[in-house]
Amino acid sequence: MVTVNLGMLHYVLDHVYGAFMHRTKISPQFFSRGWGGTKLELLERMIKQLFPEVAGQNWPPTVIQPNWKTVWESQTATLREGVFRTPCDEQLLSALPPESHSARVAFLVPKSVPPQKMACVVHLAGTGDHTFERRLRLGGPLLKENIATMVLESPFYGQRRPVMQHGAKLLCVSDLLLLGKATIEEARSLLHWLDSEAGFGKMGVCGLSMGGVHAAMVGSLHPTPVATLPFLSPHSAVVAFCEGILKHATAWEALRKDLAVQKAAMTLEEVRERMRNVLSLTDVTRFPIPKSPNAVIFVSATDDGYIPKHSVLELQKAWPGSEVRWVTGGHVSSFLLHNGEFRRAIVDGLDRLQWKESPL
């Protein structure tokens, strides 16, 4: 009888998918235009300002006022789409492509329940998630639990994608940091809006893969307890681009040539070391511990070719009281097969929060 190691199969599936997507000429590589020049220097400075000693100075965030239109309405729920100007400051706005200046959200809300008796979770985009549909499918079944879903379209994605960019393949390293910084600002403003304008009784933030890194950052910086739910996520973008399968999708030669213009000729290993240094800015373990670490639930895959186990465990170690749940599979198979586990984590994370007291 032949026994098949299912874990190895899931891991191999990730590598087959990765080879098809990233090593063939079907799509361009990440960062084919290099590092991003002065934009990268600006972002390195700005992201360093996010860190713990100044975390409290960044609240409340810029107030947003979305313009809403109703997409559909049923007896039990309403789906609306909203547009608002990104709350990023002028410095960040000037670095963002013009296509990304307007933010878009989808907002799926149960009817017949007052907001103070409801929770809402902001869903952030994973790499290549250009539309609302997948995240609305994840959130849809939660309506019966009185959990609303707010889906943010990422900068550089969907209708916010720059004209010159193919798919999710960001042109410069600075674009990855820009996408992250703008997503964090927008998500923080959305949570503030859900709390102060819409009046929800509980809130959470979740995301898959890259979206989970951003969710962890947003949850960490929030001044009050929110459920924080990173799914299939590393502790840092270093892991994704320097250790996991995406290292095969990165334009290392273009990055080497770009650095060689500024400095003497560099080896590829020196280029990778520069990348590790830049992307260390995305290391979530450097962020403050969230206000309610027991409402942090990581859902990770046992045989993930993109995210090694050590990366998940580093985050759990940095945030004592948080929980890691393992699903059997790789990155791609878990993304397709384990939505039930992701939903269970959302429900459980919110259950661990107190209801906000209604104003008298």
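Remember, it's a predicted structure, so these values are computed and weren't measured experimentally. No hydrogens, no waters, no symmetry mates; every other heavy atom, side chains included, goes into these values.
- Of the possible polar contacts, none joining the R85 side chain to the H101 backbone as a donor-acceptor pair under 3.5 Å is found.
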Practice problem: List the steps and the verdict of salt bridge (charged side-chain N to carboxylate O under 4.0 Å, His left out) for E185 and R188. | Solution: CA-CA 5 Å; E185 297 297 326; R188 297 185 85 205; 5.2 Å; no
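- Two residues are said to be in side-chain contact when any heavy atoms from C-beta on lie closer than 4.5 Å; K111 and T76 fail this criterion.
- Both V324 and V284 are assigned to one and the same hydrophobic cluster, defined by single-linkage of ILVMFWY side chains at heavy-atom distances under 4.5 Å.
- Of the possible polar contacts, none joining the R134 side chain to the H130 backbone as a donor-acceptor pair under 3.5 Å is found.
- A donor-acceptor pair shorter than 3.5 Å can be found between the side chains of E243 and H310.
- With salt bridges taken as basic N to acidic carboxylate O contacts below 4.0 Å, one links R104 and E81.
- Side-chain contact check for L171 versus H166: every heavy-atom pair is 4.5 Å or farther apart.
- Nearest heavy atoms, D258 versus G36: OD2-N, 4.3 Å.
- Atom CG of residue L96 and atom NZ of residue K181 lie 10.5 Å apart, to the nearest 0.5 angstrom.
- K117 has no carboxylate O lying under 4.0 Å from a charged side-chain N of E145, or vice versa, which leaves the two without a salt bridge.
- For the pair F84 and P66, the tightest heavy-atom approach, listed with the atom from each and the gap, is CB-CA, 3.9 Å.
- Taking 4.5 Å as the limit, every side-chain heavy atom of S292 sits out of range of all side-chain heavy atoms of V226.
- Criterion: ILVMFWY side-chain heavy atoms under 4.5 Å apart, direct or through other members. Under it, V151 and W72 are part of a common hydrophobic cluster.
- A distance-only check finds a donor-acceptor pair linking the side chain of R161 to the backbone of Q165 [under 3.5 Å].
- The CG atom of L255 sits 7.0 Å away from atom CG of L259, with the distance rounded to the nearest 0.5 Å.
- For P230 against G212, the heavy-atom pair with the smallest separation is CB-O, 3.5 Å.
- In this structure the side chain of P162 reaches within 4.5 angstrom of the side chain of E99, judged on heavy atoms.
- In this structure, K309 satisfies the cation-pi test against W326, with its NZ or CZ atom closer than 6.0 Å to the six-membered ring centre and inside 45 degrees of the ring normal.
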Quiz item: Going through the distances and angles, do E270 and R276 end up as a salt bridge (charged side-chain N to carboxylate O under 4.0 Å, His left out)?
Solution: CA-CA 10 Å; E270 287 172 315; R276 278 191 277 270; over 6 Å; no
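- By the 4.5 Å heavy-atom criterion applied to side chains, T149 and V121 are not counted as neighbours.
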Practice problem: Would you please test L142 and I346 for side chain to side chain contact (heavy atoms under 4.5 Å, CB included) and show each step? | Solution: CA-CA 9 Å; L142 297 171; I346 290 171; 3.8 Å; yes
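- The two atoms that bring L138 and R343 nearest to each other are O-NE, 2.8 Å, heavy atoms only.
- A cation-pi contact, defined as under 6.0 Å to the ring centre and within 45° of the axis, links K202 to W355.
- Judged by distance alone, the side chain of K39 and the main-chain N or O of S174 form no donor-acceptor pair under 3.5 Å.
- Side-chain contact check for E186 and T86: at least one donor-acceptor pair (N or O, by modelled atom type) lies under 3.5 Å.
- Taking NE2 of H222 as the reference point, atom CG of L191 lies at 5.5 Å (rounded to 0.5 Å).
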Practice problem: Take V122 and L194, measure what side chain to side chain contact (heavy atoms under 4.5 Å, CB included) needs, and give me the verdict at the end. | Solution: CA-CA 9 Å; V122 176; L194 289 167; 3.7 Å; yes
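- Distance OG/S189 to CG/L152: 10.5 Å, rounded to 0.5 Å.
- Under the 3.5 Å distance criterion, the side-chain polar atoms of K356 are matched with a main-chain donor or acceptor of F200.
- With respect to D175 and K169, no salt bridge is recorded, no charged nitrogen being found less than 4.0 Å from a carboxylate O.
- Side-chain contact between F342 and L208 is present, with at least one heavy-atom pair separated by less than 4.5 Å.
- Proximity of a side-chain donor or acceptor of S311 to a complementary backbone N or O of H235 within less than 3.5 Å is detected.
- Of the possible polar contacts, one joining the R160 side chain to the S100 backbone as a donor-acceptor pair under 3.5 Å is found.
- When the side chains of ILVMFWY residues are joined at heavy-atom separations under 4.5 Å, either directly or via intervening members, V71 and V83 end up in two distinct hydrophobic clusters.
- No side-chain heavy atom of F298 sits less than 4.5 Å from a side-chain heavy atom of E323.
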Exercise. Verify side chain to side chain contact (heavy atoms under 4.5 Å, CB included) between H214 and L179, making sure each step is shown before the conclusion.
Key: CA-CA 10 Å; H214 296 151; L179 186 162; 3.5 Å; yes
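- Without hydrogens or angle criteria, R135 side chain to H123 main chain gives a donor-acceptor distance under 3.5 Å.
- At least one side-chain heavy atom of F31 sits less than 4.5 Å from a side-chain heavy atom of T250.
- Taking a 6.0 Å sphere around CD of E269, one finds it holds more than 12 heavy atoms contributed by other residues, nucleotides or ligands.
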Practice problem: Determine, stepwise, if the pair E44 / R274 fulfils salt bridge (charged side-chain N to carboxylate O under 4.0 Å, His left out). | Solution: CA-CA 13 Å; E44 286 181 289; R274 166 74 176 131; 3.6 Å; yes
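- The two residues L279 and S236 make their nearest non-hydrogen contact at O-OG, 3.6 Å.
- Of all non-hydrogen atoms in T282 and A237, the two that sit nearest each other are OG1-N, 2.9 Å.
- Using cut-offs of 30° and 60° on the angle between ring planes, the pair F30 and F241 is perpendicular.
- Note that the CG atom of L124 and the OG atom of S154 stand 7.0 Å from one another [nearest 0.5 Å].
- For the atom pair E197 CD and Q65 CD, the distance stands at 5.0 Å (nearest 0.5 Å).
- At least one donor-acceptor pair closer than 3.5 Å links the side chain of S233 to the backbone N or O of S209.
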Exercise. Check the pair L268 / E253 against side chain to side chain contact (heavy atoms under 4.5 Å, CB included), numbers first and verdict last.
Key: CA-CA 8 Å; L268 279 177; E253 189 55 33; 4.2 Å; yes
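- A single hydrophobic cluster is not seen to contain both L190 and F132; linkage of ILVMFWY side chains at heavy-atom distances under 4.5 Å, directly or through other members, places them apart.
- S220 contributes a side-chain N or O that, together with a main-chain N or O of P288, makes up a donor-acceptor pair within less than 3.5 Å.
- The same ILVMFWY cluster, assembled from side-chain heavy atoms under 4.5 Å apart, contains both M118 and W68.
- Aromatic ring orientation, F107 versus W193: perpendicular (interplanar angle above 60°, classes split at 30° and 60°).
- For K317, the NZ atom is loosely surrounded, since the number of other residues' heavy atoms within 6.0 Å does not exceed 12.
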